Asks: 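Here's a structure for you.
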Amino acid sequence: MPERHTQRAYVLAAATTRFGRHEGASALDLMAQAANSALAQSGLARGDIDGVLCGYATTFPHLMLGTLLSEKLGLDPRYAHGMHMGGATGAAMVMLARELLRAGTCRRILVVAGENRLTGQAVDTSIQTLAQVGEADTEVPNGASVPAYYALLASAYMHRTGTRREAMAGFAALMRHNAAGHPHAHLREPITVDQVLASRPIATPLHLLDCCPISDGAAALVLSADEGPVQVIGAGQAHRHQHLSAMRDVLDTGAARACGRALADAKLDRAQIDYLAIYDSFTITLLMLLEELGYAPRGGAGARLRRGDFAASGPLPLNTHGGLLSFGHSGVAGGLAHVVEAWTQLAGRAGERQIAPRRRALVHADGGVLSAHVSLVLQAEGAT
């Protein structure tokens, strides 16, 4: 067991594959591609990696995926672990990696996720697989799908807060604008609010462009006890329900609780965050989370968006890679890509896409139907 000599966890490197269509590539192939990119960027030898955390893949349901990936990559970790927390899995793996580093269990950890969800399974299969997050006796037998669950959430939230579809559509347009400059993004063609509103209905009030695409892709990070450009300084979780029918309050899903715990851990308040990486499986997901996390008043996220507050040049840049809505959604890797982008911007590694220097990012992810919540606080090295 390595000597406990640090209470800190740094992200040394982060990478994604291109998101979109990867004909003939398995989930394991995509994970290996992203992992090799992150390892090369980190400058570490494979023998330096003593921990591997791996997200699940619906297209590759191996019982020992962490061990299998280690074998494929030629790694010999002292700790390998697979994790299932829906869309929150990526952030949860980073949180666990931080705890393993702080405890001295590992010193350098590879976190990776990937899936060929677009080409590796039929669309109907993907819809049916994901629908199983519903309650087995009442929700699933009645034919509910994930878009239907979020449409019900949207209807309730819009009724409670006065939110209009135009506000949701604005976020879809912003995410597409952000994705246009990223060479790895799945969807890069510009869209307007009117186009979002006019796209075909999927589950009222959600239309096609309110929903993220299904993508192939992978993402990976290397975390270490050694100093690096970005430190993980806070983390928190909350789990108030699993099924939509058990949600007690659409205004208190658990997001604010997870965020509060992460900020308390980091000894910061919300005003000290200057970059946001927020899960956005649907436009309503993003809007609800921004408001519950306290970055817009209830019913007011659309107004902040129209003021330009969430633009790349604004005071609180949001998902500058395009988020799930446009960068793409490849299972666990889709959420992990939010962490990759936050690291990339904080570390100043975004090249032509680089925004003005940022000090601290809040990453927030949810799994299920706003069920499992994980918040992370990342800080650029040298930030005060």
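Worth saying up front: this structure is predicted, and the values here are computed from it rather than measured.
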Asks: I'd like to know if Arg359 and Asp274 make a salt bridge, using a cut-off of under 4.0 Å between side-chain N and carboxylate O.
Replies: yes
Asks: Between Glu291 and Tyr157, is any side-chain donor less than 3.5 angstrom from a side-chain acceptor?
Replies: yes
Asks: Could you check Leu336 against Thr89 for side chain to side chain contact (heavy atoms under 4.5 Å, CB included), going step by step and ending with a plain yes or no?
Replies: CA-CA 8 Å; Leu336 192 59; Thr89 305; over 6 Å; no
Asks: Can you tell me if Asn319 uses its side chain to pair, donor with acceptor, with the backbone of His321 under 3.5 Å?
Replies: no
Asks: Whether the side chain of Asp366 engages the backbone of Leu370 through a donor-acceptor N/O pair (distance < 3.5 Å, no angle test) should be reported.
Replies: yes
Asks: Heavy-atom distance under 4.5 Å between the side chains of Tyr79 and Val52, does that happen here?
Replies: no
Asks: Within the 4.5 Å heavy-atom criterion, are Val111 and Leu223 side-chain neighbours or not?
Replies: yes
Asks: Is there a chain of hydrophobic side chains (I, L, V, M, F, W, Y, each step under 4.5 Å between heavy atoms) that links Leu53 to Met83?
Replies: yes
Asks: Taking only Lys NZ, Arg NE, NH1 and NH2, and the carboxylate oxygens of Asp or Glu, determine whether Arg353 and Glu341 approach each other closer than 4.0 Å.
Replies: yes
Asks: Taking side chain as C-beta onward, heavy atoms only, is Phe282 less than 4.5 Å from Leu325?
Replies: no
Asks: Does a salt bridge link Arg257 with Asp252, judged by any charged N lying under 4.0 Å from a carboxylate O?
Replies: yes
Asks: Report the residue from Cys212, Ser330, Pro213 that forms a side chain to side chain contact (heavy atoms under 4.5 Å, CB included) with Leu324.
Replies: Cys212
Asks: Verify the neighbour count for atom CZ of Arg164: are there more than 12 heavy atoms of other residues, nucleotides or ligands below 6.0 Å?
Replies: no
Asks: Between the side chain of Ser42 and the main-chain N/O of Leu39, is any donor-acceptor distance below 3.5 Å?
Replies: yes
Asks: Does Asn116 reach the main-chain N or O of Ser26 with its side chain, forming a donor-acceptor pair under 3.5 Å?
Replies: no
Asks: Would you say the side chain of Arg98 lies within less than 4.5 Å of the side chain of Asp265, judging by non-hydrogen atoms?
Replies: yes
Asks: Quick one: are the ring centres of His184 and Phe19 less than 6.0 Å apart?
Replies: no
Asks: With a 6.0 Å cut-off (strictly less than), is the heavy-atom count around CG of Asp269, excluding the residue itself, greater than 12?
Replies: yes
Asks: Under a 4.5 Å cut-off applied to non-hydrogen side-chain atoms, are Val340 and Leu221 in contact?
Replies: yes
Asks: Which distance, rounded to the nearest 0.5 Å, do you find between the CE of Met288 and the CE of Met168?
Replies: 10.5 Å
Asks: Donor-acceptor pair, Thr285 side chain versus Asp280 backbone, under 3.5 Å?
Replies: no
Asks: Does a side-chain heavy-atom distance below 4.5 Å link Val369 with His243?
Replies: no
Asks: Just say parallel, tilted or perpendicular for the rings of Phe171 and Phe310, cut-offs at 30° and 60°.
Replies: tilted
Asks: Verify the distance criterion only: is there a donor paired with an acceptor across the side chains of Arg360 and Gln272 at less than 3.5 Å?
Replies: no
Asks: In residues 227-237, what donor-acceptor pairs under 3.5 Å come from side-chain atoms, sequence neighbours left out?
Replies:
| from | atom 1 | to | atom 2 | distance (Å) |
| --- | --- | --- | --- | --- |
| Gln237 | OE1 | His239 | NE2 | 2.7 |

Asks: Among the clusters formed by ILVMFWY side chains lying less than 4.5 Å apart, do Ile284 and Ile278 turn up in the same one?
Replies: yes
Asks: If I take atom CD from residue Glu135 and atom CD from residue Gln242, how far apart are they, to the nearest 0.5 angstrom?
Replies: 10.0 Å
Asks: Please answer: with hydrophobic residues joined when any side-chain heavy atoms are less than 4.5 Å apart, are Leu316 and Leu318 in the same cluster?
Replies: yes
Asks: Treating Asp48 as the side-chain partner and Ala45 as the backbone partner, does any N or O pair qualify as donor plus acceptor under 3.5 Å?
Replies: yes
Asks: Side chains of Leu244 and Tyr150, heavy atoms from C-beta outward: is any pair under 4.5 Å?
Replies: no
Asks: For the backbone of Leu101 and the side chain of Thr105, can you confirm whether one donor and one acceptor N or O come within less than 3.5 Å of each other?
Replies: no
Asks: Please evaluate residues Leu289 and His373 with respect to the criterion side chain to side chain contact (heavy atoms under 4.5 Å, CB included), reporting the C-alpha separation (whole Å), side-chain torsions for both, the decisive distance (0.1 Å), and the verdict.
Replies: CA-CA 10 Å; Leu289 288 175; His373 293 273; 4.0 Å; yes
Asks: Are Leu287 and Leu208 grouped together when hydrophobic residues (ILVMFWY) are joined by side-chain heavy atoms under 4.5 angstrom apart?
Replies: no
Asks: Look up atom CZ in Arg160 and atom CZ in Arg298, then write down how far apart they are to the nearest 0.5 Å.
Replies: 8.5 Å
Asks: Without hydrogens or angle criteria, can the side chains of Arg46 and Asn36 be said to hold a donor-acceptor pair below 3.5 Å?
Replies: yes
Asks: Look up atom CD in Gln195 and atom CZ in Arg176, then write down how far apart they are to the nearest 0.5 Å.
Replies: 8.5 Å
Asks: Under 6.0 Å between ring centres, would you say that holds for Phe327 and His186?
Replies: no
Asks: Do the non-hydrogen side-chain atoms of Met93 and Met85 ever get within less than 4.5 Å of each other?
Replies: no
Asks: Is a side-chain N or O of Thr17 found less than 3.5 angstrom from the main chain of Ala218, in a donor-acceptor match?
Replies: yes
Asks: Check step by step if side-chain hydrogen bond (donor to acceptor under 3.5 Å, both in side chains) holds for Arg349 and Thr344.
Replies: CA-CA 5 Å; Arg349 307 285 180 87; Thr344 302; over 6 Å; no
Asks: Is it the case that more than 12 heavy atoms not belonging to Glu71 sit under 6.0 Å from its CD atom?
Replies: no
Asks: Please list all pairs passing the side-chain hydrogen bond (donor to acceptor under 3.5 Å, both in side chains) test where one or both residues lie in residues 199-212, with sequence neighbours left out.
Replies: Asp210-Thr283
Asks: Is there a path of hydrophobic side-chain contacts, each under 4.5 Å between heavy atoms of I, L, V, M, F, W or Y residues, that connects Leu346 with Ile355?
Replies: no
Asks: Rounded to the nearest 0.5 Å, how far does CG of Leu362 lie from NE2 of His338?
Replies: 11.5 Å
Asks: May I ask you to decide if Asp226's main-chain N or O and Ser224's side chain share a donor-acceptor pair within less than 3.5 Å?
Replies: yes
Asks: Has Arg270 got a side-chain atom pairing as donor or acceptor with Tyr295's backbone, closer than 3.5 angstrom?
Replies: no
Asks: Could you measure the distance from the CG atom of Leu187 to the NE2 atom of His182? Nearest 0.5 Å is fine.
Replies: 13.5 Å
Asks: For Leu293 and Cys259, work out which heavy atoms get closest and say how close.
Replies: CD2-CB, 3.4 Å
Asks: Where do Asp216 and Thr119 land on the side-chain hydrogen bond (donor to acceptor under 3.5 Å, both in side chains) test, with the steps shown first?
Replies: CA-CA 7 Å; Asp216 298 337; Thr119 60; 2.8 Å; yes
